[in-house]
Amino acid sequence: MDLRALLTTHLKLRHLVIVLAVAEYGSLVRAAEELYLTQPALSRALREAEQAVGASLFERTGRGMVPTPAGAACLEHSKAIVGHLSTLRRRVEELHDPDAGLVQDTSRSRL
């Protein structure tokens, strides 16, 4: 993995969240409302994400925003990245408060 190249990328976590929201709501206006952003700010961030990825991520249709093939790939990886970050946050919280973790079955004896 080229860590130096990752430092120079312009793709940010907020871009991934915006891509996920646009896909979920199918509309720039609805996604902006849900993220408490203005529609122009969300559009600008989506353009930044497309520039960072190097491809158009959504096609604007009469039925709303539809992911392009590159958008579908970006969505797949965005879900994974955001999911991993959620898991990281939960694990760190569990380290600070072990009682806050998942319930463990202690009835089974370990050999």
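Predicted, not measured: the structure shown is a model, and the values here were computed from it. Quick note: numbers below take in every heavy atom, side chains included, and nothing from hydrogens, waters or symmetry partners.
- Here the side chain of E50 pairs a donor or acceptor atom with the backbone of L57 at under 3.5 angstrom.
- Taking CG from L42 and CD from E33, the interatomic distance works out to 11.0 Å, rounded to the nearest 0.5 Å.
- Both V17 and V19 sit in one connected hydrophobic cluster of ILVMFWY residues. Membership requires side-chain heavy atoms under 4.5 Å apart, directly or through other members.
- The minimum heavy-atom distance between I18 and L37, with the atom names listed, is CD1-CD1, 4.3 Å.
- A continuous path of Ile, Leu, Val, Met, Phe, Trp and Tyr side chains, each step under 4.5 Å between heavy atoms, connects L20 with V22, placing both in one hydrophobic cluster.
- Considering all non-hydrogen atoms of both residues, T68 and S56 come closest at OG1-O, 2.6 Å.
- Residues Q39 and R44 have side chains not in contact (no heavy-atom distance under 4.5 Å, counting atoms from C-beta outward).
- Interatomic distance, NE2 of H77 versus CD1 of I81, reported as 8.0 Å (0.5 Å rounding).
- The residues E94 and R90 are annotated as salt-bridged, a charged nitrogen and a carboxylate oxygen being separated by less than 4.0 angstrom.
- When atom types are taken as modelled, the side chain of H15 and the backbone of K12 share a donor-acceptor pair closer than 3.5 angstrom.
- Both L11 and L13 are part of a single hydrophobic cluster, where members link through side-chain heavy atoms under 4.5 Å apart.
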Exercise. For the pair K79 and H84, evaluate side-chain contact (heavy atoms from CB on, under 4.5 Å) and give the outcome as yes or no after the intermediate values.
Key: CA-CA 8 Å; K79 287 176 188 176; H84 285 300; over 6 Å; no
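- The two residues C74 and V53 have their closest heavy-atom pair at SG-CG2, 4.5 Å.
- Separation of atoms CG (L75) and CZ (F58) is listed at 5.0 Å; rounding is to 0.5 Å.
- In terms of heavy atoms, A55 sits closest to A70 at CB-CB, 3.7 Å.
- Smallest separation of non-hydrogen atoms from S27 and R30: OG-N, 3.1 Å.
- With rounding to the nearest 0.5 angstrom, the CZ atom of R60 is 4.0 Å from the CE atom of M65.
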